[in-house]
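Please read the structure below before turning to the comments.
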Protein chains: 2
Amino acid sequence: MIDILLHPPDAPTRILDAAAAIVQARGVSGLTLEAAARDAGVSKGGLLYHFASKEALLDAMLRRLADFMEREYEACVAAQPPGPGRVARANLDWGFGEGELSCNERHDMAGAVFRAAFHHDPALLDPIRAVIARMRRDSAGDGLSPGAGDAISAACDGMFMARMFRLYTPTTDERAAMRRALERLMEPSP
Amino acid sequence: MIDILLHPPDAPTRILDAAAAIVQARGVSGLTLEAAARDAGVSKGGLLYHFASKEALLDAMLRRLADFMEREYEACVAAQPPGPGRVARANLDWGFGEGELSCNERHDMAGAVFRAAFHHDPALLDPIRAVIARMRRDSAGDGLSPGAGDAISAACDGMFMARMFRLYTPTTDERAAMRRALERLMEPSP
DNA sequence: CTTGACATACCGTCCGGCCGGTATAGCTAC
DNA sequence: GTAGCTATACCGGCCGGACGGTATGTCAAG
């Protein structure tokens, strides 16, 4: 914290933060260069000095998100004891856990950035796609019966989408029941 | 087909179709009133005669989508033999089937309309939310162990999202394996 | 002659991007 | 050490185009 106070974030970081916050609060259409610049405490010219176009800004936002996702994924995996189903357990913790790693405002912001980038150009999602491909490769070597790992991560994706678009909000009990159901998939096939 | 040729769709239907096709082909930002009108073979004024604003157009698009979703859901359920897990089996058929009901261009168009509406105003998704709520009520009385039905439909949602955002495309074998894995959740709890 | 179903022309706004300017820091020559 | 040069990191204003929406005209059917 002292470090943060002594070393306030530089302009590019502030711009990225402000842009992400705007998208989360006011939606994709609320993200304009002027608004992002103002909220970051720089002028529009200053923003364009760091990010030459709106696309460049969104690209940087998404790359940062992909990096963050990958680190979070690695942390979830590292927190699980080794052995079969390690990746699946990490996925369940990410999608159904109650701690700071799951379903909080950070996920909302990730969803908002995600939608904003796709809105502008679907190709901007490529860094995210690379992370997902890596996760799927890991999942394939997770030692579970075929399809179990994919099914678990698809269910986590579904929960993510439901929250991102505010489709429904399961109760804590329902979430726990879903998790227990999915954990059955990690048992060896009968 | 003869009927279609003899009774060409009226202007509102053509406009709705054209708008959906534009969103699918050129993205949310490609949907302008001018473009929708042109593709539907009417002028911009003609479009605004039927849909007083862009929001009204999107609202009509989404209501039509919700109606379609509900009818499709009912058809999927009706196609399943009665008994426990009927709704879950319908969901699996919808999300993992190979027939005309699953994962084709119609789903892509649904996703595009969905994103367009959310982009303009998240409240426009309310008709879809109502359909989902109804499906979840049905699922709760499906006679499966707690969480199983929700987990299955969440996995189907995840597949839908993966396709909507082109995140990854599992092979036919992988999809079949996922389905078999999820079908294990319909067996009674051990 | 009225009304429904459009067409045409236009307006105001908003937004992305460009440009000219500027303060500051660092470096170099003398 | 200081005058001059250059690069960095911005500021503020402007422009052009696109887009949503309006106002008005048209015209066939009943």
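Residue numbering restarts at 1 for every chain, and letters A, B, ... go by the order of the sequence lines.
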Tell me the closest heavy-atom pair linking Met178(A) and Ala154(B), and the distance in Å. CE-CB, 3.6 Å

At under 4.0 Å, does any side-chain N or O of His50(A) touch on OP1 or OP2 of dA9(D)? no

Can you tell me if Asn91(A) and Tyr73(A) form a side-chain donor-acceptor pair at under 3.5 Å? no

Close N/O contacts between protein and nucleotides 20-23 of chain D (under 3.5 Å):
from	atom 1	to	atom 2	distance (Å)
dG20(D)	OP1	Lys54(B)	NZ	2.7
dG20(D)	OP2	Leu33(B)	N	3.1
dG20(D)	N7	Lys44(B)	NZ	2.9
dG21(D)	OP2	Lys54(B)	N	2.9
dG21(D)	N7	Lys44(B)	NZ	3.4
dG21(D)	O6	Lys44(B)	NZ	2.8

What is the distance from CZ of Arg38(A) to P of dG12(D), rounded to the nearest Å? 14 Å

Aromatic plane relationship, His119(B) with His119(A) - under 30° parallel, 30 to 60° tilted, over 60° perpendicular: parallel

Are Asp138(A) and Arg134(A) ion-paired here, with the side-chain N under 4.0 Å from a carboxylate O? yes

Between Leu185(A) and Ala148(A), the two heavy atoms sitting closest are O-CB, 3.5 Å

In terms of side-chain heavy atoms, does Arg86(B) have a donor or acceptor partner in Gln80(B) at a distance below 3.5 Å? no

Donor + acceptor pair across side chains of Asp142(A), Ser139(A) (<3.5 Å): no

Under 4.0 Å from a heavy atom of chain A: give me the 5'-most and 3'-most nucleotides of DNA chain C that qualify. dC15(C) to dC18(C)

What residues, two or more places apart in sequence or in another chain, satisfy salt bridge (charged side-chain N to carboxylate O under 4.0 Å, His left out) together with Asp126(A)? Arg129(A)

